[in-house]
Amino acid sequence: MLGLETSCDETAVAILRGDHSGHELLATEVASQVAAHEKYGGIVPEIASRNHLIYAPRLLDRAASAAKTRLSEIDAFAATSGPGLASSLMIGASIAKGLAIGFGKRYLGVNHLEGHLLSPFFGVEKNGDNSIKPNVSLIVSGGHTMLVVVRGLTNYQVIGHTVDDAAGEAFDKVAKMIGFGYPGGPEIEKHARRGDPKRFDFPRSMLGSQNFSFSGLKTAVRYLLPKIDVIPSEAQRSRGTALDEDVSIAAGSLAFARDDVLRDLCASFQQAIIDVLVTKTIAAAQKYRLDLVTISGGVSCNQELRRQMRDASCRKGIEFKSAEPWLCTDNAAMIAFAALLRLRAGFESHVTEEIDPNLALVL
Ligand code: KG4
Ligand code: ZN
């Protein structure tokens with residue numbers, strides 16, 4: 001099974017060998033376009049699709065030689081068919097369809113969210129569908145935050161979603177406010193490691209609901225920033241102004257004090273997000289009487305989130321599973337894996353099936 005992922009700004013190709021008892025990853029290649037979009041402060045769809053066109057053929061070559069195979073020997077071609085940027089999705093899907101038609105093989109369009117949702121089972125599943133144990137799945141990425149009750153392959157019920165920003169989007173927007181680059185999550189996590197998560201009391205919104213909201217948290221950070229003065233302005237730099245008196249900082253130098261506050265800010269912000277994600281996920285597992293919690297998507301790379309979700313699950317006697325970090329951010333192995341499970345379960349797509357930028361997990 002060859003999978004292509006081009007839903008956003010990552011071009012990825014992976015090849016899996018699968019039979020009825022399991023699967024083996026033969027190749028996985030990812031080309032990131034972060035640098036190409038950074039100077040515009042966001043993803044430019046036109047640049048993303050042009051880069052997918054440049055990178056995809058190279059990655060196909062690299063993947064085939066890493067897997068010691070030829071594209072003509074692949075049995076089925078899969079691509080992300082949504083959700084994502086239309087002009088980006090079109091590139092991967094068109095390539096996969098072209099290869100399937102050219103070599104007379106099968107084509108599978110895969111929902112990006114299903115790729116994330118199944119990724120915690122990558123490498124552990126046996127006997128196809130039966131191995132996807134019922135679970136409460138938290139998908140947390142730059143574009144999505146949702147809680148899904150998974151009863152088996154293709155049997156999904158979305159029980160909660162964000163009403164405004166996705167968790168990763170909140171990480172990215174706050175990172176931008178404090179002058180970090182994109183993606184902001186890893187940088188915030190790095191600073192948070194030595195910070196005090198109790199220093200700033202940020203809101204934990206909609207705790208009584210299964211839905212999420214992170215825009216209030218983002219606004220709270222925005223209002224706090226001028227008070228704590230962690231981002232020195234040009235004027236302050238030349239004047240050497242001291243930090244705001246409201247905030248007591250026992251530090252020797254101005255730069256050291258700023259780093260200190262910044263670390264506490266990152267830790268407090270990160271903890272607010274983690275509290276919300278952990279509380280709602282565990283509550284859902286209890287409500288739906290499921291004894292497995294899985295997390296996936298870029299934000300699930302966050303080590304502190306993984307640790308706290310694992311601990312909270314353990315305290316309630318619930319099993320916890322997450323994919324290895326390289327499988328959490330966008331990649332094609334998760335797409336090939338979802339396609340493999342679907343193919344085994346008898347699904348396949350017609351090449352006339354269109355991409356859908358707003359494709360829902362449950363149709
Ligand atoms: O799944 P993904 O690669 O792309 C989407 O489908 O959106 O997720 C990317 C998101 C970004 O918002 C990024 O900041 C976030 O995942 N992320 C993290 C971490 N690593 C990536 N957020 C928090 N902590 C991390 N370590
Ligand atoms: Zn994703």
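Just follow the structure's listing: the first ligand is 1, and inside any ligand the first atom is 1.
- Each of the atoms 13 (C), 14 (O) of ligand 1 lies under 4.0 Å from some heavy atom of P183.
- Between the N302 side chain and the G185 main chain, no donor and acceptor come within less than 3.5 Å of each other.
- For ligand 1, the atoms closer than 4.0 angstrom to any heavy atom of G184 are 14 (O).
- Of the possible donor and acceptor atoms, none in the side chain of K97 sits under 3.5 Å from a partner among the backbone N and O of F77.
- Which parts of ligand 1 touch C328 is read off a 4.0 Å heavy-atom cut-off, strictly below it: atoms 1 (O).
- With a 4.0 Å heavy-atom cut-off, ligand 1 is reached by the side chain of H112 but not by its N, CA, C or O.
- Less than 2.8 Å away from the Zn ion (ligand 2), the protein contributes these N/O/S atoms: H112 NE2, H116 NE2, D330 OD1.
- Checked against a 6.0 Å centroid threshold, the rings of Y107 and H350 do not count as neighbours.
- Using modelled atom types, one side-chain atom of S32 and one backbone atom of V34 make a donor-acceptor pair closer than 3.5 Å.
- A salt bridge between K173 and D165 is present, with a side-chain N of the basic residue lying under 4.0 Å from a carboxylate O of the acidic one.
- When V30, D172, L113 are checked for heavy-atom proximity to atom 13 (C) of ligand 1, D172 turns out nearest.
- Checking only distances, G297 never comes within under 3.5 Å of ligand 1, N or O to N or O.
- The N/O atoms of E10, backbone and side chain alike, include none that comes under 3.5 Å of an N/O atom in ligand 1.
- Two residues are said to be in side-chain contact when any heavy atoms from C-beta on lie closer than 4.5 Å; L277 and T145 meet this criterion.
- Taking the ring centroids of H23 and F337, they lie under the 6.0 Å cut-off.
- The ligand atoms of ligand 1 that sit less than 4.0 angstrom from a heavy atom of G168 are 12 (O).
- Scanning all protein heavy atoms for the shortest distance to atom 26 (N) of ligand 1 gives E189 OE1, 2.7 Å.
- Using a 4.5 Å heavy-atom cutoff, the side chains of E189 and Q303 are in contact.
- Scanning the protein heavy atoms around atom 9 (C) of ligand 1, the nearest turns out to be G142 N, 3.8 Å.
- By the 4.0 Å N-to-carboxylate-O rule, K321 lies close enough to E319 to be salt-bridged with it.
- In terms of protein heavy atoms, atom 17 (N) of ligand 1 is closest to G298 O, 3.5 Å.
- Residues satisfying the side chain to side chain donor-acceptor pair (under 3.5 Å) criterion with T11, sequence neighbours excluded, are H52.
- Near H116, the atoms of ligand 1 lying under 4.0 angstrom from a non-hydrogen atom of the residue are 1 (O), 6 (O).
- Protein heavy atom nearest atom 3 (O) of ligand 1, with residue, atom name and distance: D330 N, 3.0 Å.
- Proximity to T329 (heavy-atom distance under 4.0 Å) selects the following atoms of ligand 1: 3 (O).
- Scanning all protein heavy atoms for the shortest distance to atom 22 (N) of ligand 1 gives G185 CA, 3.3 Å.
- Considering only heavy atoms from C-beta on, Q33 stays 4.5 Å or farther from C8 through its side chain.
- Checked against the 6.0 Å centroid threshold, Y182 and H37 do not count as a close aromatic pair.
- Q271 and K198 form no side-chain donor-acceptor contact under 3.5 Å, judged by distance and modelled atom types alone.
- Taking any N or O of G143, backbone or side chain, at least one lies under 3.5 Å from an N or O belonging to ligand 1.
- For atom 24 (N) of ligand 1, the closest non-hydrogen atom of the protein is N302 ND2, 3.0 Å.
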Hey, mind stepping through F121 and S296 against side chain to side chain contact (heavy atoms under 4.5 Å, CB included) and telling me if it holds? CA-CA 10 Å; F121 295 93; S296 60; over 6 Å; no
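- Contacts between A167 and ligand 1 below 4.0 angstrom, taking non-hydrogen atoms only, are absent altogether.
- Using a cut-off of 4.0 Å between Lys/Arg side-chain N and Asp/Glu carboxylate O, E29 and R58 are scored as not salt-bridged.
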